[in-house]
Amino acid sequence: MLNAFLLLQVAAAAPPPPATHDALSYDITLVPADTGTHILGEVQTTWRLRSAGAVTAMLDSSPIVCITGQVGSKLIGSDAFQETDITGVTLPITKHNYLVTRADDVAPTIREAFHVAASGRPGPVLIDITKDAQQSSAEFDWDAAEPKMRGYRPDHRPAAAEYQKAISLIKEAKRPVILAGRGIIQSQAGQQVVAFAERTQTPIAMTLLGLGGVAASHELNLGMMGMHGEAWVNTAIQEADLLLAFGMRFDDRVTGNLKTYAPHAKKIHVDIDPAEINKNVRVDVALVGDLREVLVEMAPHVPATEHVDWLARINELKGDSAVRDIQNLPDNGHLYAAHVINDIWRETDGNAIVVTDVGQHQMWEAQYYKHNTPRSLITSGGLGTMGFALPAAIGAKIAKPDAEVWVVVGDGGFQMTMCELATVMQENIDINVAIINNGFLGMVRQWQEFFYEKRYAATPLVNPNFTKLAEAFGLTGITVTKRGEVVPAVRTARNHKGGVVIDFQVEQEDSVYPMVPAGADLHAMIRRPSPIVETAADA
Ligand SMILES: Cc1ncc(C[n+]2csc(CCOP(=O)(O)OP(=O)(O)O)c2C)c(N)n1
Ligand SMILES: [Mg+2]
């Protein structure tokens, strides 16, 4: 007989992983599990739950298993000390949840929870275990506990007729664009997407969470689409005659006004989740299934094509990158966030794992750090969870100890979880933190500037001295105010073993361009005022 508490770990350590995950790690960690899933593509477990963490995982399809402790089963419903109906609270923000009141059910539930979290469209699963279930004992037979869930069939495969419809649309298309989302990373379909794109000469537009899924350096990769996407990418989508949505969900930040979205385009949507089909955008063909499997199936039937005129048209839309190039502007005494992020990119040869927070710096990171490998950008997309970066970077470093991990965080978001510097110190986590300190809740300030006549209500920040703060935690702190100091600071941080915090004091009222105002037509972008017309295409 085993104590049920230990059983959690026995169940966790037990071997057979589901077929789609060759190295399911059942480690029970205290670090943000969400990041582990981003980095490793495996289910991670957490004993701590913040509702924002669950929603972040829900909206970004991260497979995590959260375990919470409940009062004794006999006390449930009595408003006992610390009793919270957590399965009730988390019902809408988890893929599934369980209340376990008997030791017998602990291990089988955990096994099933991992299956649910990882299969189909991944997501967060919560198990709430009562104190008495944790403290009593039970036998556990791994094989007998194989999950059998009536009504849960995550393995979708499109019908042959759907494939045929898709292939004939692909053959007819003159101006196709692939829209690549996080699904390409989740289903490890990067290679298949590139092969498809090369064979059909189809350019690829990326969502924020797709970045890295196809190398930024690939000539058919146009870059990021959407609210802060490159102008030529959004224009190409609006001019396209076929959109191939691969593992993406037509989020409002990506489409702008749905009524005018890609008006000339037929649409093919490949997604593992049937609930995404026709949710925001009506599509002509839906292929519900695992993206990689779908592309493998389709590949032999897709003829090689040229789209010379279309690619030339997009090239023309890109225009002269020199006029957009903020990087190579002579040093005029201004330190732009773009300089900082681009210098981090150059110094790390684009090989770091960058974990961002939410706001302007997040968008600049997406624009100026070119990600060539999947899982090298960790960011909160669907929820935009400020405070995500520092704890998530700790998770990233623990999941991949050999990787170089950088945090790119705003001065506002950093203050939401900066207490985690204690963890960095205590666990000797070797990460570098770049605070893009603009003295504002910058993204909100930008909206106030553009849409509310510069009424900067509640957005100016009076910050602590971040360098001294780092030092108070026994970490290295560096202050950077000039462009010439950026590279030396980055080098110092890279050469230092242990946590480093760099306070980059950048332009306070810089804005992210281009910008599609919320709900506006995708092609109605606000462009960077001259002399710098656009963001850099500095590849
Ligand atoms: C927890 C949370 N609160 C509020 C917001 C709304 N919000 C989005 S961006 C932003 C400003 C972020 O400021 P900062 O961290 O300084 O980054 P910056 O935009 O200046 O780069 C705010 C308040 C959010 N996304 N998450
Ligand atoms: Mg800020």
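First listed ligand is number 1; within each ligand, the first listed atom is number 1.
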Check ligand 1 against Gly442 and write out every atom of the ligand that is under 4.0 Å from a heavy-atom position of the residue. 13 (O), 18 (P), 19 (O), 20 (O)
Under 4.0 Å between heavy atoms, the region of Asp411 that gets near ligand 1 turns out to be both
With a cut-off of 2.8 Å, does Phe440 place any N/O/S atom under that distance from the Mg ion (ligand 2)? yes
Under the rule for salt bridge (charged side-chain N to carboxylate O under 4.0 Å, His left out), what residues qualify as partners of Lys482, not counting sequence neighbours? Glu485
Taking 4.0 angstrom as the limit and counting only heavy atoms of Gly359, give me the atoms of ligand 1 inside it, by number and element. 9 (S), 19 (O)
Considering only non-hydrogen protein atoms, determine which one is nearest to atom 15 (O) of ligand 1 and report residue, atom name and distance to 0.1 Å. Gly413 N, 2.7 Å
Per the ring pair (Phe, Tyr, Trp, His ring centres under 6.0 Å) rule, what does the pair list look like for residues 420-442, sequence neighbours excluded? Phe440-Tyr456
Heavy-atom contacts with Gly384 under 4.0 Å: which atoms of ligand 1 show up? List them by number with element. 24 (C), 25 (N), 26 (N)
heavy-atom search around atom 2 (C) of ligand 1 in the protein gives Met386 CB, 3.6 Å
Does ligand 1 have any atom sitting under 4.0 Å from a heavy atom of Asp357? no
Could you confirm whether Met443 has any N/O/S atom lying under 2.8 Å from the Mg ion (ligand 2)? no
Whether Gly387 lies under 4.0 Å from ligand 1, heavy atom: no
Have a look at Asp411 and say which of its N, O or S atoms is nearest the Mg ion (ligand 2). OD1
Indicate whether any N or O donor in one side chain lies under 3.5 Å from an N or O acceptor in the other, for Asn351 and Glu404. no
Can you spot which of Thr255, Leu258, Thr207 makes a side chain to side chain contact (heavy atoms under 4.5 Å, CB included) with Phe250? Thr255
Protein residue, atom and distance nearest to atom 14 (P) of ligand 1, heavy-atom basis: Gly412 N, 3.6 Å
Answer yes or no for Asn438: is there a heavy-atom contact with ligand 1 below 4.0 Å? yes
Any idea which atoms of ligand 1 are less than 4.0 Å away from a heavy-atom of Val358? 9 (S), 12 (C), 17 (O), 25 (N)
Atoms in ligand 1 flagged as close to Gln360, the criterion being non-hydrogen separation under 4.0 Å: 18 (P), 19 (O), 21 (O)
Once you restrict to heavy atoms under 4.0 Å, what part of Phe414 touches ligand 1? Side chain, backbone, both or neither. neither
What atoms of ligand 1 come within less than 4.0 Å of a heavy atom belonging to Met443? 9 (S), 19 (O)
